[in-house]
Amino acid sequence: MLTLKQIRENPEEIIRRLQVKNFDAANLIDQVLATDKKRREIQTQTDHKQAELNQRSKDIGSLFKQGKTQEANHAKEQVSLLKDEIKQLNQSLRHTEDDLNKLLLRIPNIPHPSVPPGKGDSDNVKVRSGGNIPDLGKEALPHWELAEKYRLIDFEMGNKLTGAGFPVFTGKGAKLVRALISFFLDEAEKAGYREVLPPLMVNEASAYGTGQLPDKEVQMYQLATDPYYLIPTAEVPVTNIYRDVILNAGELPVKNTAYTPCFRREAGSYGKDVRGLNRVHQFDKVEIVQIQHPERSYDTLEEMVNHVEQLVQKLGLPYRIMRLCGGDLSFTSALTYDFEVFAAAQKKWLEVSSVSNFEAFQANRLKLRFREPGSKKTQLAHTLNGSALALPRIIAALMENFQTPEGIRIPEVLVPYTRFDILS
RNA sequence: GGAGAAAUGGCAGAGUGGUCGAAUGCGGCGGUCUUGAAAACCGUUGUCCGCUUAUCGGCGGACCGGGGGUUCGAAUCCCUCUUUCUCCGCCA
């Protein structure tokens with residue numbers, strides 16, 4: 001969430017810039033400012049009364065010590081009115097704080113000045129592209145047919161075991177998954193990321209920290225017996241490692257990477273785009289996460305984009321990098337680049353990565369701060385993350401683009417991991 | 001799952017109703033000494049919020065695992081939750 005300081009200092013600017021996200025914040029900001037003012041008034045009052053009570057309590061203590069019991073008892077009676085007042089003030093202070101917090105949670109992150117305006121997909125701006133789209137001819141099969149032909153993925157079996165959207169990888173298909181995970185992790189390690197293997201379930205506090213809650217319950221699977229959520233992305237546990245942490249500026253940037261399965265309900269998204277691996281409820285992903293100094297976070301965003309680009313290049317997939325427009329930008333993001341690869345049989349661009357700078361938006365919720373050497377003051381750090389990469393759509397594109405009459409060729413960089421060079 | 005013990009500042013560890021944001025040690029930071037370093041010595045050392053302040057700062061409030069309660073007053077007493085440790089049971 002945004003900080004009160006930001007809102008107090010530049011309410012007009014925030015309202016203006018949120019329009020790029022097609023979000024009308026005017027009313028909300030007014031309420032925030034009014035509630036904040038009220039809160040401060042109540043607190044000032046409460047503090048004064050509390051200070052008085054503290055003083056009187058001390059006085060009573062010393063009266064007792066001096067053996068002036070009667071005077072002490074008399075003083076005790078006088079204090080009871082003050083206590084009631086404080087109790088009431090505290091109650092209304094808490095209510096006001098709650099109100100304020102609820103308002104703040106409804107305001108999305110401010111988009112970076114470079115974010116193009118727009119409503120959806122078609123308004124995203126292509127930054128650059130690379131790779132060649134293969135000409136497969138009319139015989140080309142979509143990946144779900146190839147998967148069946150070479151017995152790489154069993155969608156029916158997943159349906160039996162769990163339900164729709166839970167594919168079962170088999171034989172060389174399973175090995176390909178494992179190979180991709182290892183390849184991506186090794187590449188991340190080479191780029192200086194520390195590998196983390198986090199829990200796949202998180203508690204409510206963590207889900208709030210990165211912004212999945214409130215309101216995104218529809219996206220996450222929730223346990224019926226315990227207050228835990230299955231993670232929709234490794235971003236949640238990996239970023240929450242730094243919840244309530246104060247780092248030294250010298251420790252920045254903090255770079256972590258994690259492989260995890262990801263679980264997404266994808267409620268309401270049934271239809272034409274869900275065939276095969278295009279949209280599933282459980283998938284594997286390697287995530288890269290950085291915590292960076294505010295002055296350097298946009299350089300870091302570029303660095304992360306370059307890292308992801310280099311991955312799709314090594315895999316030999318045709319790709320394009322899109323700068324998301326305001327309408328497509330997530331609630332928490334200030335700037336996001338999406339990576340799409342082309343699946344040549346379906347003739348579709350598939351989103352395989354999303355690299356974002358959240359600036360201080362998550363850090364504020366997480367209370368993730370850092371301190372400059374020699375300074376007493378703490379300030380909020382910037383958080384960034386990106387997929388590097390999400391597997392299913394990569395696999396779909398690999399299968400479709402590299403199909404030959406003999407089988408599906410494996411990109412050279414993966415062969416050391418798969419120890420076979422064709423899926424046949 | 002059952003029985004018991006515990007949770008205090010970056011760490012270790014005192015504190016069982018009053019002046020305790022909290023002894024002491026270690027660590028950190030600054031200084032003296034030194035060619036430099038070490039040692040020694042001196043000083044300093046948490047976070048959040050409010051008021052005030054051009055700035056430095058000053059004043060006030062909150063925080064001793066979380067929440068609630070008793071009391072004029074709670075780190076200290078009570079309730080509750082969570083976590084950790086020991087023992088028993090179960091188990092990959």
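Convention: sequence-line order gives letters A, B, ...; per-chain numbering from 1. The figures that follow rest on heavy atoms only: side chains count, while hydrogens, waters and symmetry mates do not.
Regarding A:Lys367, its NZ atom lies at a distance of 12 Å from the C1' atom of B:C49, rounded to whole Å. A:Asn248 has its CG atom 15 Å from the P atom of B:G46, to the nearest Å. Note: CD1 (A:Ile42) to C1' (B:C51) measures 16 Å, nearest angstrom. Atom-to-atom, CD of A:Gln70 to P of B:C72 comes out at 17 Å; the value is rounded to the nearest Å.
Every side-chain contact (heavy atoms from CB on, under 4.5 Å) that A:Ala191 has, sequence neighbours left out, goes to A:Tyr193, A:His307. Partners of A:Ser80 under the side-chain contact (heavy atoms from CB on, under 4.5 Å) rule, at least two apart in sequence or in another chain, do not exist in this structure.
Of the residues near RNA chain B, A:Lys76 and A:Arg39, the one whose nearest nucleotide (by heavy atom distance) lies more toward the 5' end is A:Arg39.
In this structure, A:Leu324 CG and A:Ser333 OG are separated by 7.5 Å, a value rounded to the nearest 0.5 Å. Distance check: A:Ser353 OG to A:Glu309 CD gives 11.0 Å after rounding to the nearest 0.5 Å.
Contact check, A:Lys377 against B:U47: no side-chain N or O comes under 4.0 Å of OP1 or OP2. Dashed line: the shortest gap from a side-chain N or O of A:Arg40 to OP1 or OP2 of B:C51 is under 4.0 Å. Using a 4.0 Å cut-off, some side-chain N or O of A:Arg371 falls inside it from OP1 or OP2 of B:U47.
Minimum atom distance to the side chain of A:Arg94 is reached by B:G68, of the listed B:G50, B:C48, B:G68. With B:G50, B:C48, B:U71 as the choices, the nucleotide that has an atom nearest any side-chain atom of A:Lys83 turns out to be B:U71.
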Contacts under 3.5 Å, N or O only, protein and nucleotides 60-66 of chain B:
from: B:G60; atom 1: N2; to: A:Asp47; atom 2: OD2; distance (Å): 3.0
from: B:G61; atom 1: OP1; to: A:Asn54; atom 2: ND2; distance (Å): 3.1
from: B:G61; atom 1: O2'; to: A:Asp47; atom 2: OD1; distance (Å): 3.2

Short heteroatom pairs, N/O only, protein and nucleotides 76-82 of chain B, under 3.5 Å:
none

Give me, pair by pair, the N or O atoms of the protein and of nucleotides 17-19 of chain B that are less than 3.5 Å apart, along with how far apart they are.
from: B:G18; atom 1: N2; to: A:Ser57; atom 2: O; distance (Å): 2.7
from: B:U19; atom 1: O4; to: A:Lys65; atom 2: NZ; distance (Å): 3.0

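With both ends at atom C1', the span from B:U76 to B:U8 equals 11 Å, rounded to whole Å. If you take atom P in B:A6 and the same atom in B:G58, they sit 40 Å apart, rounded to whole Å.
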From CA spacing to verdict: side chain to side chain contact (heavy atoms under 4.5 Å, CB included), A:Lys285, A:Leu389: CA-CA 6 Å; A:Lys285 178 160 65 67; A:Leu389 287 161; over 6 Å; no

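A cation-pi arrangement is not found for A:Lys175 relative to A:Phe420, the charged atom failing to lie both closer than 6.0 Å to the ring centre and inside a 45° cone about the ring normal.
A:Phe358 has its ring centre no less than 6.0 Å from the ring centre of A:His382.
More than 12 heavy atoms of other residues, nucleotides or ligands shown are found within 6.0 angstrom of NZ on A:Lys314.
A:Gln219 and A:Tyr229 share no donor-acceptor pair across their side chains, judged by distance under 3.5 Å alone. In this model, no donor atom of one side chain and acceptor atom of the other lie less than 3.5 Å apart for A:Thr257 and A:Arg194.
Side chains of A:Arg265 and A:Met220 form no contact here, defined as non-hydrogen atoms less than 4.5 Å apart.
For the pair A:Arg323 (side chain) and A:Tyr337 (backbone), a donor-acceptor distance under 3.5 Å is absent.
Test A:Gln50, A:Arg56, A:Lys49 against A:Glu52 for side chain to side chain donor-acceptor pair (under 3.5 Å) and you get one pass: A:Arg56.
Residue A:Ile410 comes nearest to A:Ile422 through the heavy atom pair CG1-N, 3.8 Å, listed as atom of the first residue, atom of the second, then distance.
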Secondary-structure string, 5' to 3', Watson-Crick or G-U under 3.5 Å, | for another-strand partners, for RNA chain B: ((((((((.[[[..)..(.....]]]((((((.......))))))(((((((....))))))).[[[[[..)....]]]]])))))))....

